[in-house]
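In each ligand, atom 1 is the first atom listed, and ligand 1 is the first ligand listed.
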Amino acid sequence: MIEIDLYSDTQTRPSKPMREAMAKAEVGDEQQGSDPTVNALNERVADLLGKEDALFLPSGTMCNQIALLVHCRPGEEVICDRTAHIVTSEGGGGAALASVMFNTVDGERGIFTAAQAEAAIRPDSRYAPRSKLVEVEQTNNRGGGSVWPLEKLRAVTAVARKHKLSLHMDGARLMNAQVASGVKAREFAKEVDTVWLDLTKGLACPLGAVLAGPKDFIAECWRWKQRMGGSMRQAGIVAAAGLYALDHNIDRLAQDHANAKALAKGLAEIPGIAVEPVETNLVFFDISGTGIKGRDFNAALMKLGVRVSLNDDRRLRALTHLDIPASAIPKALDAFRRVAMRN
Ligand SMILES: *Cc1c(COP(=O)(O)O)cnc(C)c1O
């Protein structure tokens, strides 16, 4: 049995008080815009992110895909880091649905510079795809849970604005960026046209994500939500979890970050393990020095009740979250030690 699940921050189960909030939710027909709890959540997120309007969607992936569909025409190009979730982990949706091209940039821990973004912009020529959108991930997932510093983000957005490109932020873990940096989410969000928050990552809800942006943009997103089957009915029952999470689960992310740092510190002391810098709740580490392959390492860990995820055969990822108390870290480290030392 997996006792300490560091696979992802998506592995949380809704807490008792969250379930109580869900049970009490007032509901209506979300598809017709008459679910009061969903409407309250949309208003709340629009306000939190300083945007005119917001739209509740079943997942973060749907937020990204609908944003691509509304921002871009087929054949247009999106500039983003090569590690971006929108490129690596959405089933090729950018090509299959919005028919966009990705022009990926080789950032540092997923964070690229204004010069790199500018160099990726195509000339205005009938031969070239039209550069349309710059996409940034805050925090960046595969880059290491890294936080875009406001200054670097501003430099990139200035270049995009200069060339009249639109800007989209994948804010799956935007609240982690707020807590880690002390910069308000709306300050980051101000730099982009559209931005979304995932409710199922550190915020620990069972499902849902909220996409925010200008009023006319969100109106167009509604059409795609309907078209793709993302319109719901009494969705207030899950939106209530989102409202509960915004009240109770943001500031506590600091605990996840502290646990991640403690985990990283312990891992770094194990021979054969090299740990990447930790900024938020993601801990990436290279186990090649142990001589054990990633898959085998995780299989051995799982026998000891601990699970992580594999980036590749040498790079593993552990995430901390609401269901990982501080007391689980020494226990997890003990399992890592035993596997690395093969005893
Ligand atoms: C998890 C994640 C997504 C997708 O969100 P889902 O709600 O799982 O569809 C998108 N971007 C990033 C950076 C993520 O970590």
By number and element, which atoms of ligand 1 are closer than 4.0 Å to a non-hydrogen atom of [X]?
X: E137; value: 13 (C)
X: R173; value: 15 (O)
X: G60; value: 5 (O), 6 (P), 7 (O), 9 (O)
X: D198; value: 5 (O), 6 (P), 7 (O)

Does any N or O atom in [X] lie less than 3.5 angstrom from one in ligand 1, N or O only?
X: A172; value: no
X: N64; value: no
X: E90; value: no
X: T139; value: no
X: T61; value: yes

If you measure from the Lys or Arg side-chain nitrogens to the Asp or Glu carboxylate oxygens, is any gap between [X] and [Y] under 4.0 Å?
X: R44; Y: D47; value: no
X: R130; Y: E76; value: yes
X: E191; Y: R186; value: no
X: E77; Y: K132; value: no

Residue and atom name of the nearest protein heavy atom (relative to atom 1 (C) of ligand 1), distance in Å to one decimal: K201 NZ, 1.4 Å
Identity and separation of the nearest protein heavy atom to atom 11 (N) of ligand 1: D170 OD2, 2.5 Å
Aromatic ring proximity, centroids under 6.0 angstrom, F112 and W148: yes
M62 heavy atom under 4.0 Å from ligand 1: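 No, M62 has no heavy atom closer than 4.0 Å to ligand 1.
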Approximate separation, where rounding is to 0.5 Å, of L133 CG and I86 CD1: 7.5 Å
Plane angle bin for F217 and H71 - parallel if under 30°, tilted between 30 and 60°, otherwise perpendicular: tilted
Single-linkage hydrophobic cluster I273~L310, side-chain heavy atoms < 4.5 angstrom: yes
